[in-house]
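Below: the structure, in structure tokens.
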Protein chains: 2
Amino acid sequence: MLKLSKKADYGLMALQHIASNQYGDVARARVVNTKEIAEEYHIPVELLAKVLQTMARSGLIDSHNGPKGGYLLGKNPREITIAQVLESLEGPLGLMDCSHEKESDTCMQREHCNIRTPLLKIQSSIYQLLNSMTLQDMMGGTPLITIQSVATEQQGVER
Amino acid sequence: MLKLSKKADYGLMALQHIASNQYGDVARARVVNTKEIAEEYHIPVELLAKVLQTMARSGLIDSHNGPKGGYLLGKNPREITIAQVLESLEGPLGLMDCSHEKESDTCMQREHCNIRTPLLKIQSSIYQLLNSMTLQDMMGGTPLITIQSVATEQQGVER
DNA sequence: TTTTGTACGACTCATTCGATCGGAGATCAT
DNA sequence: ATGATCTCCGATCGAATGAGTCGTACAAAA
């Protein structure tokens with residue numbers, strides 16, 4: 001469950017690869033093209049191209065046309081979060097259909113729905129999680145995230 | 001992104017409904033059948049039946065045949081976690097295909113894959129999150145979960 | 001101007017998910 | 001005890017989402 005799409009996988013791989021060729025120093029920046037990434041990770045070129053275009057449109061990377069063209073990171077790796085990447089490629093985070101809806105709600109269960117509120121809490125927590133991890137964090141091998149829960153704290157559990 | 005299936009939605013709603021009719025007291029337990037839930041939440045009966053069957057097989061609920069039959073909670077609401085429900089209906093948690101694989105790995109990217117490790121960390125955190133929230137928590141309206149991240153702590157971020 | 005490589009849109013195919021149908025088993029009423 | 005009714009249960013069908021492909025247009029370096 002909760003498997004993310006191939007686009008997201010490819011996008012993250014590509015970003016990691018592009019970032020690896022810049023080292024945070026613009027002077028050493030090396031432009032990397034679609035074909036190079038596709039061959040490195042055995043990804044269908046056309047599909048990867050589509051992914052890169054989408055991310056370019058979102059400002060995550062900068063595209064450069066023509067021979068010797070390719071892609072460069074559009075932001076500092078510390079400012080690119082996993083959440084941004086996934087949102088760019090898969091749309092906004094939403095565990096259910098009625099996550100962030102306007103008035104046009106077609107959900108027939110809304111009136112008696114009893115799970116919306118708790119699921120929204122979980123969704124919010126997941127978003128914080130994804131938004132707290134950056135591309136920079138993905139490159140180092142350091143532990144990144146701690147999670148703490150108070151939901152299961154004991155308060156006189158009789159069984 | 002990360003939208004969970006209708007089965008999961010229906011399953012959680014049904015569980016909440018079943019639990020509401022038991023109040024943790026077996027003496028007051030009221031058997032509730034598929035049709036009742038389906039009408040209450042406007043869910044296709046046959047599909048809901050399938051969902052309930054699956055959860056019964058997992059031990060989350062107990063099924064009772066014959067007239068006046070139906071379903072009852074199989075465990076204490078405090079011992080039923082969201083993770084268990086979702087795993088029962090949608091299979092094990094896995095952000096990518098190579099999440100928990102044996103030797104038969106067909107992923108062509110594995111050799112040069114640079115995102116597997118960090119994604120496994122995120123996956124683990126999500127699992128803790130889903131496993132820390134119980135059906136009992138879903139019924140009360142109290143705040144349940146806090147999350148703390150150390151990944152984005154400032155250490156001289158220049159921009 | 002020619003060549004090379006990216007950007008972009010439309011299209012096809014496969015897989016998963018939602019939804020449906022008919023049969024088997026169990027319990028209550030007679 | 002026996003029938004009738006109601007439920008659970010497995011197998012099947014159709015629809016929608018996503019993965020992957022093809023062809024054209026555009027931009028920059030030689």
Side-chain angles (χ1 to χ4, degrees), chain A residues 1-11 13-14 18 31-39 41-72 74 86 88-91 94-97 106-109, chain B residues 1-11 13-14 18 30-39 41-72 74 86 88-92 94-97 106-109:
Chain A
M1 59 171 170
L2 294 183
K3 192 177 61 183
L4 40 84
S5 67
K6 293 285 183 187
K7 291 184 188 176
D9 292 344
Y10 298 158
M13 288 189 209
I18 295 174
V31 182
V32 35
N33 62 19
T34 305
K35 190 181 174 188
E36 174 183 331
I37 304 178
E39 290 179 350
Y41 301 99
H42 304 92
I43 302 174
V45 274
E46 300 87 357
L47 181 56
L48 177 61
K50 215 168 151 56
V51 170
L52 292 174
Q53 292 161 20
T54 303
M55 292 196 296
R57 225 176 292 128
S58 301
L60 296 173
I61 51 180
D62 291 329
S63 67
H64 294 279
N65 253 338
K68 216 167 143 357
Y71 294 94
L72 262 109
L86 297 183
S88 169
L89 295 171
E90 294 193 332
L95 291 182
M96 51 221 150
D97 296 332
T106 59
C107 175
M108 298 311 293
Q109 288 88 29
Chain B
M1 58 171 170
L2 293 184
K3 192 176 61 180
L4 40 83
S5 66
K6 293 285 183 187
K7 291 184 190 176
D9 293 343
Y10 298 159
M13 287 189 211
I18 295 174
R30 191 175 77 82
V31 182
V32 33
N33 60 20
T34 305
K35 189 180 175 187
E36 173 183 332
I37 303 178
E39 290 179 350
Y41 301 99
H42 304 92
I43 302 174
V45 275
E46 300 87 356
L47 180 57
L48 176 62
K50 207 168 152 58
V51 170
L52 292 174
Q53 292 160 21
T54 303
M55 292 196 297
R57 223 176 294 127
S58 301
L60 296 173
I61 52 180
D62 291 330
S63 67
H64 293 278
N65 252 339
K68 216 167 145 352
Y71 293 95
L72 260 105
L86 297 184
S88 169
L89 294 172
E90 293 192 336
L95 292 182
M96 51 224 150
D97 295 333
T106 58
C107 176
M108 299 311 294
Q109 288 89 28

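Chain naming here is simple, since letters A, B, ... match the order of the sequence lines and numbering starts at 1 in each. Every value quoted in this text rests on a predicted model; they were computed, and no experiment measured them. Heavy-atom basis, side chains included; hydrogens, waters and symmetry copies ignored.
Distance CG (B/D9) to P (C/dC17): 13 Å, rounded to an integer number of Å. Atom pair B/K6:NZ and D/dA16:P shows a separation of 13 Å (rounding to whole Å applied). Distance, B/E46 CD to C/dC21 P: 7 Å, rounded to whole Å.
Checking D/dG18, C/dT6, D/dC9 against the side-chain heavy atoms of B/S63 singles out D/dC9 as nearest. Listed nucleotides: D/dC8, C/dC8, D/dT7. Nearest to the side chain of A/Q53: C/dC8. Taking the side chain of B/N33 as heavy atoms from C-beta on, and the options D/dT7, D/dC8, C/dC21, the nearest nucleotide is D/dT7. Among C/dT4, D/dG10, D/dG20, the nucleotide with an atom closest to any side-chain atom of A/Y10 is D/dG20. Looking at the side chain of B/P44, the nearest of the listed nucleotides C/dG5, C/dA19, D/dT21 is C/dA19. Between C/dG18, D/dA28, C/dT20, one nucleotide has an atom nearer to the side chain of B/S5 than all others, and that is C/dG18. Closest to the B/L47 side chain, of the nucleotides D/dA19, C/dC28, C/dG18, is C/dG18.
Comparing B/K50 and A/N65, the nucleotide of DNA chain D nearest to each residue sits closer to the 5' end for B/K50.
Using a 4.0 Å heavy-atom criterion, one finds that B/K35 contacts no nucleic acid atom at all. Heavy atoms of B/K68 sit nowhere under 4.0 angstrom from any nucleic acid atom.
The backbone N or O of B/S5 sits less than 3.5 Å from a side-chain atom of B/E90, completing a donor-acceptor pair.
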